[in-house]
Amino acid sequence: MKRVCYFIFDGMTDYEITLSMHLLGADAGYEVQTISYEASEIKSKSGVIYKPHKRVIDVQSEDVDGLIICGGWFGEVRPELTELIQRLDNEGKLLAGICGAGTFMLASAGVLKKRRYTTPITDWTEKHQAVFGLKNPFDYKTFEHERVIRHNNVITSLGQAFIDFSIEICDWFKLFQDESEREAFGAYLKG
């Protein structure tokens, strides 16, 4: 079965990923699994409680088709997440990160080097240092100020572009017949 993992954490901005979860899980027939560092409940920024399907360490050697990382103000990047990101990158599987935490985690794992990407973190402030750590993982040499960027198997997005992010994920998995179907679907979602 086709499977996509979503990394979730306390304080995540869940609206940034729920559309793609629905499109992949309900419409495209993918098994959607939430993963987290621990098996305990996760409370999103909106107050919704999520129960992860598995821990990150549990999917280390499992076959998955992609990893999507939610946004928010969360900076803990444990070795098991870095290893999963790097393994999937080496396998050419989808890696998608949205907003602050999502793009930060991809940058921390080193997968944004030599790839075009976007992020809302364009200036490393004291708040970023406090939440994400002292070291800024973005080198900004390949940064572009765009809503969504797909470069090879990596998709990065600003948080407010969650519809475009979801469409790009669907396009990665070849869920559209052609560009006109993709454009029509985007127009339908955006009204």
Side-chain angles (χ1 to χ4, degrees), residues 1-14 16-44 48-117 119 132-133 135 137-138 142 148-157 165-166 168-175:
M1 170 167 238
K2 303 174 290 187
R3 180 167 50 141
V4 178
C5 292
Y6 283 79
F7 179 73
I8 62 173
F9 50 86
D10 279 324
M12 68 175 179
T13 47
D14 51 342
E16 296 171 344
I17 59 169
T18 55
L19 177 59
S20 66
M21 287 175 141
H22 174 79
L23 294 172
L24 292 177
D27 294 345
Y30 279 76
E31 178 183 352
V32 172
Q33 283 189 339
T34 53
I35 61 173
S36 189
Y37 291 134
E38 307 300 333
S40 54
E41 291 181 340
I42 301 291
K43 185 176 182 181
S44 72
V48 176
I49 303 293
Y50 293 84
K51 177 77 170 128
H53 292 95
K54 292 184 175 188
R55 297 175 304 154
V56 173
I57 201 155
D58 296 331
V59 298
Q60 285 297 81
S61 60
E62 293 182 1
D63 186 33
V64 297
D65 296 293
L67 173 65
I68 299 166
I69 305 173
C70 192
W73 285 90
F74 182 82
E76 183 180 8
V77 183
R78 293 185 189 175
E80 61 261 36
L81 182 60
T82 298
E83 290 170 18
L84 179 61
I85 292 169
Q86 291 173 345
R87 177 178 68 87
L88 294 176
D89 188 39
N90 289 334
E91 294 174 359
K93 303 288 180 79
L94 174 68
L95 293 169
I98 190 167
C99 203
T103 58
F104 170 80
M105 291 176 187
L106 293 177
S108 295
V111 300
L112 298 184
K113 291 181 173 137
K114 299 182 181 175
R115 283 191 171 105
R116 294 173 38 252
Y117 72 92
T119 181
F132 297 118
K135 186 177 181 223
F138 299 100
T142 56
V148 176
I149 292 179
R150 177 169 142 191
H151 189 151
N152 299 328
N153 61 312
V154 177
I155 299 170
T156 53
S157 178
F165 182 67
S166 298
E168 199 64 47
I169 289 168
C170 290
D171 192 48
W172 165 262
F173 287 116
K174 300 180 180 8
L175 301 183

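What you see below is based on every heavy atom in this structure, not just the backbone, and it leaves out hydrogens, waters and symmetry mates.
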[X] and [Y]: side-chain donor and acceptor closer than 3.5 Å?
{"X": "Gln33", "Y": "Glu31", "value": "yes"}
{"X": "Gln60", "Y": "Glu83", "value": "yes"}
{"X": "Ser20", "Y": "Tyr6", "value": "yes"}

When you compare the side chain of [Y] with that of [X], does any pair of heavy atoms fall below 4.5 Å?
{"X": "Ser36", "Y": "Val56", "value": "no"}
{"X": "Asn152", "Y": "Asp89", "value": "no"}
{"X": "Arg3", "Y": "Val32", "value": "no"}
{"X": "Leu112", "Y": "Phe138", "value": "yes"}

Throw together a table of side-chain donor-acceptor distances under 3.5 angstrom for residues 68-75, partners on residues two or more places apart or in other chains.
none

Pairs touching residues 33-42 that satisfy salt bridge (charged side-chain N to carboxylate O under 4.0 Å, His left out), sequence neighbours left out
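Every salt bridge (charged side-chain N to carboxylate O under 4.0 Å, His left out) pair that includes a residue of residues 33-42, provided the two are not neighbours, is Glu38-Arg78.
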Would you mind listing every side chain to side chain donor-acceptor pair (under 3.5 Å) that reaches into residues 100-114, with sequence neighbours excluded?
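Residue pairs passing side chain to side chain donor-acceptor pair (under 3.5 Å), neighbours aside: Thr103-Thr119.
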Under 4.0 Å between a side-chain nitrogen and a carboxylate oxygen: does that hold for Arg55 and Glu80?
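No salt bridge links Arg55 with Glu80.
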Is it the case that the ring center of Tyr30 lies less than 6.0 angstrom away from the ring center of Phe173?
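They qualify: ring centres under 6.0 Å apart.
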Walk me through it: do Phe9 and Tyr37 pass the test side-chain contact (heavy atoms from CB on, under 4.5 Å)?
CA-CA 8 Å; Phe9 50 86; Tyr37 291 134; over 6 Å; no
